[in-house]
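Take a look at the structure set out below.
Chain A is the first sequence line, chain B the second, and so forth, proteins listed ahead of strands; every chain is numbered from 1. The structure displayed is predicted, hence computed values, not measured ones.
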2 protein chains.
Amino acid sequence: MQHVEICFSPELIHLHELQGKIVVVVDIFRATSTMVAALGNGISEIKTCADLEECRTMASSDYLIAGERNGIMAEGFQLGNSPLAYLTGEYQGQKLAMTTTNGTLAISKSIGAEEILIGAFPNLQATVSYIQSREMDVLIHCAGWKGKFNLEDSLYAGALVKALEATHYSEDDAAIAMKSLYEKEGHDLKNFLSQASHAKRLQNHNIDSDIDFCLTLDLFSLVGKVENGILTGIKL
Amino acid sequence: MQHVEICFSPELIHLHELQGKIVVVVDIFRATSTMVAALGNGISEIKTCADLEECRTMASSDYLIAGERNGIMAEGFQLGNSPLAYLTGEYQGQKLAMTTTNGTLAISKSIGAEEILIGAFPNLQATVSYIQSREMDVLIHCAGWKGKFNLEDSLYAGALVKALEATHYSEDDAAIAMKSLYEKEGHDLKNFLSQASHAKRLQNHNIDSDIDFCLTLDLFSLVGKVENGILTGIKL
């Protein structure tokens, strides 16, 4: 069997070995959920940018540009960080450049891994199937919120640990904790998360339907994989 | 109402405001449990030392010296980190100097708080009563294991959040997660923790009875409080 572990924040990633592992980067509200929605609706590739400036310059290279800071669309950008914007399919075939508060940082801090995937509830089962087709240890890298633990990323991590249990054991305390918590709270995630700080922030921005989307399982049968800074979808 | 939050590791403590708060430092296996056992059995004060060298020099100032690294008594020390060593009362009235892998670091990184307490299951209710007699926000600072999240410290934190719920609310994701996990797993901590990495390490050192002690609730009606680097017990 392979091993699975969880890192709760990019601030702790230096304590983990990346080499030889599949790292699954998670930023449920909303970066990685939006990435999966975009790839599932015809966006051909996503370039993740470290900051708004770098992202802005991509507009001149035929990229759509999407950027938010603290949950709000950044000035001069065509798209914010809502997954729902992609569901109409109107951006089919286009390339997207994207920067977000926490998600992009977690991806860039995952460099050194054998493979970098991005994970979200809407493609959980596809990610499980892909991982189980490879024989590698897994590290789930939660983007967190400004360096701190956050509930939605960690619960996704618990869901993934549980879904992998036929092939991946865990002696990692974080994985044991989050698997157990997901077993308890997974049947009604939205209600449980409604207590959480980040969900409250999102409610303040009136994006309740974004939350519903981000917590829906298995809408897309594709895996998001980052290579050389470019994220593409692999259809299963 | 006051607020309660959890920091999972000294590596994340810079993300938290300490000022004006009661910080409860937790290192269940075994530093803070041993401190409570020592204070509950007549040790008059405990000096926490940053390293083995500093601790060793305290022997010449009439201190008993206790030190471990990676769970094993350090060379030249009179005591390791077992709480059971104090239960006979043979060290009554003596002063103790102590250094441990993770616990001492968490205490030194808590400087700046209004008050620093040390917490353990054997004095949980006393700590709750003391906190509820003050009107202050609480930050539970888990010592973790070499910078990482650990299960036993975090579950104690969840138990404390739950025990404080009449007076302390929480919008902190870590506190919400650990309170829920403690509600699920708190009735059989030893069994749940037997999966955990640190408990496994301790079992390898044949200290099963230490684990039993560290997970026993409310043996002592005293609070451990650090002032100017010296820890003393306040009897309630």
Side-chain angles (χ1 to χ4, degrees), chain A residues 3 5-17 28-29 139-140 142-158 161 165 169-186 188-189 191-201 203-204, chain B residues 3 5-17 28-29 139-140 142-158 161 165 169-186 188-189 191-201 203-204:
Chain A
H3 190 254
E5 69 197 277
I6 299 174
C7 174
F8 283 139
S9 155
E11 295 264 340
L12 298 174
I13 196 68
H14 63 283
L15 301 170
H16 294 262
E17 181 63 62
I28 297 300
F29 294 151
L139 166 60
I140 308 166
C142 299
W145 181 258
K146 299 188 177 178
K148 287 186 185 173
F149 170 92
N150 96 20
L151 205 47
E152 62 275 12
D153 297 349
S154 308
L155 278 166
Y156 169 87
V161 170
E165 65 188 347
Y169 75 102
S170 189
E171 288 188 343
D172 172 61
D173 282 13
I176 292 165
M178 288 306 123
K179 177 173 167 252
S180 178
L181 190 64
Y182 185 76
E183 285 167 355
K184 182 183 177 205
E185 306 288 0
D188 191 4
L189 276 182
N191 185 39
F192 184 59
L193 288 171
S194 68
Q195 308 167 63
S197 53
H198 198 170
K200 283 199 177 148
R201 277 188 294 278
Q203 277 161 4
N204 293 341
Chain B
H3 189 254
E5 70 198 276
I6 299 174
C7 174
F8 283 138
S9 156
E11 294 265 340
L12 298 174
I13 195 68
H14 62 284
L15 301 170
H16 294 262
E17 181 63 62
I28 297 300
F29 294 151
L139 166 60
I140 308 165
C142 299
W145 181 260
K146 298 188 178 179
K148 287 187 185 173
F149 170 92
N150 96 21
L151 205 46
E152 61 276 12
D153 296 349
S154 308
L155 278 165
Y156 169 87
V161 170
E165 67 189 346
Y169 75 103
S170 188
E171 287 188 344
D172 172 61
D173 281 13
I176 293 165
M178 288 305 124
K179 177 172 166 253
S180 178
L181 190 64
Y182 185 76
E183 285 166 356
K184 182 183 176 206
E185 307 288 0
D188 191 4
L189 277 182
N191 184 39
F192 183 60
L193 287 171
S194 68
Q195 307 166 64
S197 52
H198 197 170
K200 283 200 178 148
R201 276 188 294 277
Q203 277 161 4
N204 292 342

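Heavy-atom distances place the side chain of Phe8(A), and not its backbone, under 4.5 Å from chain B.
For the side-chain contact (heavy atoms from CB on, under 4.5 Å) test, residues two or more places apart in sequence or in another chain that qualify with Ser9(A) are Glu11(A), Leu12(B).
Inter-residue side-chain proximity for Ile176(A) and Phe192(B) is flagged as met; some heavy-atom pair is nearer than 4.5 Å.
Residue Glu185(A) holds its CD atom at 9.5 Å from CG of Leu181(B), rounded to the nearest 0.5 Å.
When atom types are taken as modelled, the side chain of Asp173(B) and the backbone of Asn150(A) share no donor-acceptor pair closer than 3.5 angstrom.
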